[in-house]
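Have a look at the structure below, then the notes.
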Protein chains: 2
Amino acid sequence: MDLTPNVYDPACPTRLVLDRIADKWTTLLLTLLAKGPRRFNELRRLVGGISQKMLSQTLKGLERDGLVEREVLPTTPVSVTYSITPLGLTLATEIEGLTTWAQRHIGAVLAAQSRFDAR
Amino acid sequence: MDLTPNVYDPACPTRLVLDRIADKWTTLLLTLLAKGPRRFNELRRLVGGISQKMLSQTLKGLERDGLVEREVLPTTPVSVTYSITPLGLTLATEIEGLTTWAQRHIGAVLAAQSRFDAR
DNA sequence: CCGTATCCCCGTAGATACTG
DNA sequence: CAGTATCTACGGGGATACGG
């Protein structure tokens, strides 16, 4: 008997979370914020290729999910810092595993691709 | 000093692998195949919501990356089985971690969303 | 500095039909 | 059964401009 919900069912709520995780910018931002709090434009500079819109959008999503916390400091002009939550940190740890895997096995993957393409 | 490549650089090859991983169907198919070999239409039935096209396309990508193996059996009509490779299995293990996380923390995430939306 | 609003485009997934 | 081919649309994401 299987106690786990069926993630292969499109209606399964767990798949909603999974779909959120399966996002380019989400993974990059979360692992970056796991290293420490950052300001908005700081993130923009650090994550190469992200647009203003996607940064804002992704951060809002992360905040909504309780993975990231947004703090506004009343300076002039205003400054905003984003920091990871305890919950977010547990997810970031899992994602780090994927990043590590990618770094460790990228050679094997590229080699497989070459073999595949060569025919 | 940091020996790891900078995944935040869009030119970093590791990010290519990461982008492939950050795919809805890839994660679902890989974890499913980790449980055992499956036929094409079997996968189609098991993974709710996937189209013929995306299934074919995703499987081809997984095969190209050396994560999944495709075997054609000369029956009539022809039958094709897909099985995970040792390399693929190591990745599937990491992804399982994400699925487990999602199942464990979905309650917290949904609660956070409610709180966020309530203002 | 930190966003939101708007426009627009092009890739990507869905639907459908057809082959070995 | 296991795909490929073609067509279409739809919406995610980039560029740009503007507001708090």
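So that the names make sense, note that chain A is the first sequence line, chain B the second, and so on, each numbered from 1.
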Quick one: [X] [atom1] to [N] [atom2], roughly how many Å, whole number?
X	N	atom1	atom2	value
A:R38	C:dC1	CZ	P	16 Å
A:L55	D:dA15	CG	C1'	16 Å
A:K24	C:dT12	NZ	C1'	14 Å
A:Q52	C:dT4	CD	P	10 Å
B:M54	C:dG11	CE	C1'	12 Å
A:D23	D:dG12	CG	P	11 Å
B:E71	D:dC1	CD	P	19 Å
B:K60	D:dA5	NZ	P	8 Å

Are [Y] and [X] connected in a single hydrophobic cluster, I mean Ile/Leu/Val/Met/Phe/Trp/Tyr linked by side-chain heavy atoms less than 4.5 Å apart?
X	Y	value
A:L30	B:F116	no
B:L16	B:I21	no
A:V72	A:F40	yes

Is any side-chain N of the basic residue among A:D65 and A:R20 closer than 4.0 Å to the acidic one's carboxylate O?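 Looking at A:D65 and A:R20, the cut-off is met.
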Does [X] make a side-chain N or O approach to OP1 or OP2 of [N] shorter than 4.0 Å?
X	N	answer
B:S56	D:dT4	yes
B:Y82	D:dC1	no
B:R39	D:dC1	no
B:R70	D:dG3	yes

More 5' along DNA chain C: A:P77 or A:K53, using each one's nearest nucleotide?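 Nearer the 5' end of the strand: A:P77.
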Would you kindly compare A:I50 and B:S79 by the position of their nearest DNA chain D nucleotide and give the one closer to the 5′ end?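 Of the two residues, B:S79 wins.
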Any side-chain to backbone donor/acceptor pair from B:T26 onto B:A22? Under 3.5 Å, distance only.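 Judged by distance alone, no pair lies under 3.5 Å.
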Quick one: label B:R44 by what it contacts on the DNA or RNA (base, sugar-phosphate, nothing), any heavy atom closer than 4.0 Å.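 No contact.
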Among D:dG13, D:dG20, C:dG20, the nucleotide that comes nearest once only the side chain of A:Q57 is considered: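 Selected nucleotide (nearest to the side chain): D:dG13.
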